[in-house]
Amino acid sequence: MKMNDKGRLFVISGPSGAGKSTVVFKAIEGRDDMCFSTSVTTRKPRPNEVDGREYFFVDLDRFREMVENDELLEHAEYVANSYGTPRKYVEDKLESGLNVLLDIEVQGARQIKAKKPDAVFVFIIPPSMEELRRRLVARGTDSERAIEARLIRARQEYAEADFYDYIIVNDDAERAAKELSAIITAERCKAENRINFLKEA
Ligand code: ADP
Ligand code: 5GP
């Protein structure tokens, strides 16, 4: 049974290393109503990353071309690299009734808020800044300098994150994933999304 006509957009943000990817993939695993929007970035792939899975890796010329052609729903710079959300994938999936999840930083989330006011905004944080540093070091994918830059950016993002609807503290990843899944389910059940069932009865 199709429960909603159009999909909803779920925007997940939070400092790099908070565990967004970990929590998002656990939360959407096994859900047939959710899909993940793969972003484009000019950042170099990390050793375990696959082009087209974590990101579409592009050079700066291609990225600028996508901006000029209006192929990106939003885009932003983050610690000296550019990131953006391909527009067509997101709009096609929403149109077909699927929910789409974006993992993007705060400036991009603000652009989405202006364009899609009914999107749902979720901010994922680690239990503390010390734990954030530990996770970034343990992930082993960033230099000491890049880790410092990401920690500075984390504090800036906290100060700008006053428009999010939900905050998840990622202490235990399983529990955080359950919370995210519960948010998705609750948002889908909102009366405003299902009012047609009353009208059609
Ligand atoms: P992000 O996508 O926010 O940058 P990742 O999902 O890459 O973060 O997680 C950063 C690091 O922290 C990874 O090594 C991941 O395995 C680890 N991690 C994620 N969630 C937790 C958690 N709840 N407890 C401990 N480590 C975690
Ligand atoms: P990372 O380099 O750690 O993969 O990502 C750095 C930051 O860029 C994270 O906060 C992540 O959410 C954000 N990001 C990833 N894709 C996009 C995107 O398409 N747009 C924006 N604005 N931010 C993104």
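Small disclaimer: the values here were computed from a predicted structure and weren't measured. Below, each value reflects all heavy atoms present in this structure, side chains not excepted, and no hydrogens, waters or symmetry copies. Counting starts at 1 for both ligands and their atoms, following the listed order.
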Report summary line: atom 17 (C) of ligand 1 sits nearest the protein heavy atom Arg135 CD, 4.3 Å
Query raised in the report: Can you check whether Asp103 reaches Lys20 side chain to side chain, under 4.5 Å on heavy atoms?
Result: yes
Query raised in the report: With a 4.5 Å limit on heavy-atom distance, are the side chains of Ile112 and Leu73 in contact?
Result: yes
Requested in this report: Record the part of Gln107 in heavy-atom contact with ligand 2 below 4.0 Å; permitted values are side chain, backbone, both and neither.
Outcome: neither
Report task. Kindly indicate whether the side chain of Tyr83, heavy atoms from C-beta on, has any atom under 4.5 Å from the side chain of Val40. Result -> no
Requested in this report: Do me a favour and list the nearest non-hydrogen protein atom to atom 22 (N) of ligand 2 with residue, atom name and distance?
Outcome: Glu105 OE2, 2.6 Å
Query - Closest to atom 6 (O) of ligand 1 among Thr22, Thr141, Ile12 (heavy-atom distance) - result: Thr22
Report task. With the side chain counted from C-beta on, respond yes when Ile168 and Ile183 share a heavy-atom pair under 4.5 Å apart, and no when they do not. Result -> yes
Report task. For atom 10 (C) of ligand 1, grab the closest protein heavy atom and report residue, atom and distance to one decimal in Å. Result -> Gly17 O, 3.6 Å
Query raised in the report: How does Ile124 reach ligand 1, if at all, at less than 4.0 Å between non-hydrogen atoms: by side chain, backbone, both, or neither?
Result: neither
Requested in this report: Measure the distance from atom 20 (N) of ligand 2 to every protein heavy atom, then report the residue, atom name and distance (to 0.1 Å) of the closest one.
Outcome: Glu74 OE2, 2.7 Å
**Report entry** Closest protein heavy atom (residue, atom, distance) for atom 7 (O) of ligand 1
**Finding:** Arg139 NH1, 3.0 Å
Query raised in the report: Among the heavy atoms of Glu157, does any lie under 4.0 Å from an atom of ligand 2?
Result: no
Query raised in the report: With a cut-off of 4.0 Å, which atoms of ligand 2 are near a heavy atom of Thr85?
Result: 19 (O)
Query raised in the report: So Phe63 and His75, would you call those rings parallel, tilted or perpendicular, with 30° and 60° as cut-offs?
Result: perpendicular
Report task. Give the atoms of ligand 2, by number and element, whose distance to some non-hydrogen atom of Ser16 is under 4.0 Å. Result -> 3 (O)
Requested in this report: Considering only non-hydrogen protein atoms, determine which one is nearest to atom 19 (O) of ligand 2 and report residue, atom name and distance to 0.1 Å.
Outcome: Ser39 OG, 2.7 Å
Report task. List the atom of Arg133, the atom of Glu144, and the distance in Å for their closest heavy-atom pair. Result -> NH1-OE2, 4.1 Å
Query raised in the report: Any N or O on Tyr55 sitting closer than 3.5 Å to an N or O of ligand 2?
Result: yes
Query raised in the report: Is there a heavy atom of Ala138 sitting under 4.0 angstrom from any atom of ligand 1?
Result: no
Report summary line: Minimal heavy-atom distance between Arg53 and Asn48, with the atoms involved, is NH2-O, 3.0 Å
Query raised in the report: Taking the side chain as C-beta and beyond, is there a heavy-atom pair between Arg135 and Glu131 under 4.5 Å?
Result: yes
Query - Atom indices of ligand 2 within 4.0 angstrom of Arg43 heavy atoms, with elements - result: 1 (P), 2 (O), 4 (O)
Requested in this report: Starting from atom 20 (N) of ligand 1, locate the nearest protein heavy atom and write down its residue, its atom name and how far away it is, to 0.1 Å.
Outcome: Asn170 ND2, 3.1 Å
Query raised in the report: Taking side chain as C-beta onward, heavy atoms only, is Val122 less than 4.5 Å from Val11?
Result: no
Requested in this report: For residues Gln107 and Glu105, determine if any side-chain heavy atom of one lies less than 4.5 Å from a side-chain heavy atom of the other.
Outcome: yes
Query raised in the report: Where on Pro15 is there a heavy atom closer than 4.0 Å to ligand 1, on the side chain, on the backbone, on both, or on neither?
Result: backbone
**Report entry** Within-shell test, Gln111 vs ligand 2, heavy atom, strictly < 4.0 Å
**Finding:** no
Report summary line: In this structure, atom 11 (C) of ligand 2 is nearest to the protein heavy atom Asp103 OD1, 3.6 Å
Query raised in the report: Under 4.0 Å from ligand 2, counting heavy atoms only, is it the side chain of Arg150, its backbone, both or neither?
Result: side chain
Requested in this report: Find out whether Phe10 and Val100 are in side-chain contact, i.e. whether some heavy atom of one side chain is under 4.5 Å from a heavy atom of the other.
Outcome: no
Report summary line: In terms of heavy-atom contacts, Arg188 and Arg8 come closest through NH1-N, 4.1 Å
Report summary line: Smallest heavy-atom separation, Leu136 atom then Ser16 atom, equals CD2-O, 3.5 Å
Report task. Examine Glu49 against ligand 2 and note whether any of their N/O atoms are separated by less than 3.5 Å. Result -> no
Query - Contact check: Tyr78 vs ligand 2, nitrogen or oxygen atoms, below 3.5 angstrom - result: no
Query raised in the report: Do any nitrogen or oxygen atoms of Val40 come within less than 3.5 Å of a nitrogen or oxygen of ligand 2?
Result: no
Query raised in the report: For ligand 2, is Gly84 a contact, meaning one of its heavy atoms is under 4.0 Å away?
Result: yes
Report task. Would you confirm whether the ring centroid of Phe121 sits within less than 6.0 angstrom of the ring centroid of Phe163? Result -> yes
Requested in this report: May I ask you to identify the nearest protein heavy atom to atom 9 (O) of ligand 1, giving residue, atom name and distance to one decimal place in Å?
Outcome: Gly19 CA, 3.5 Å
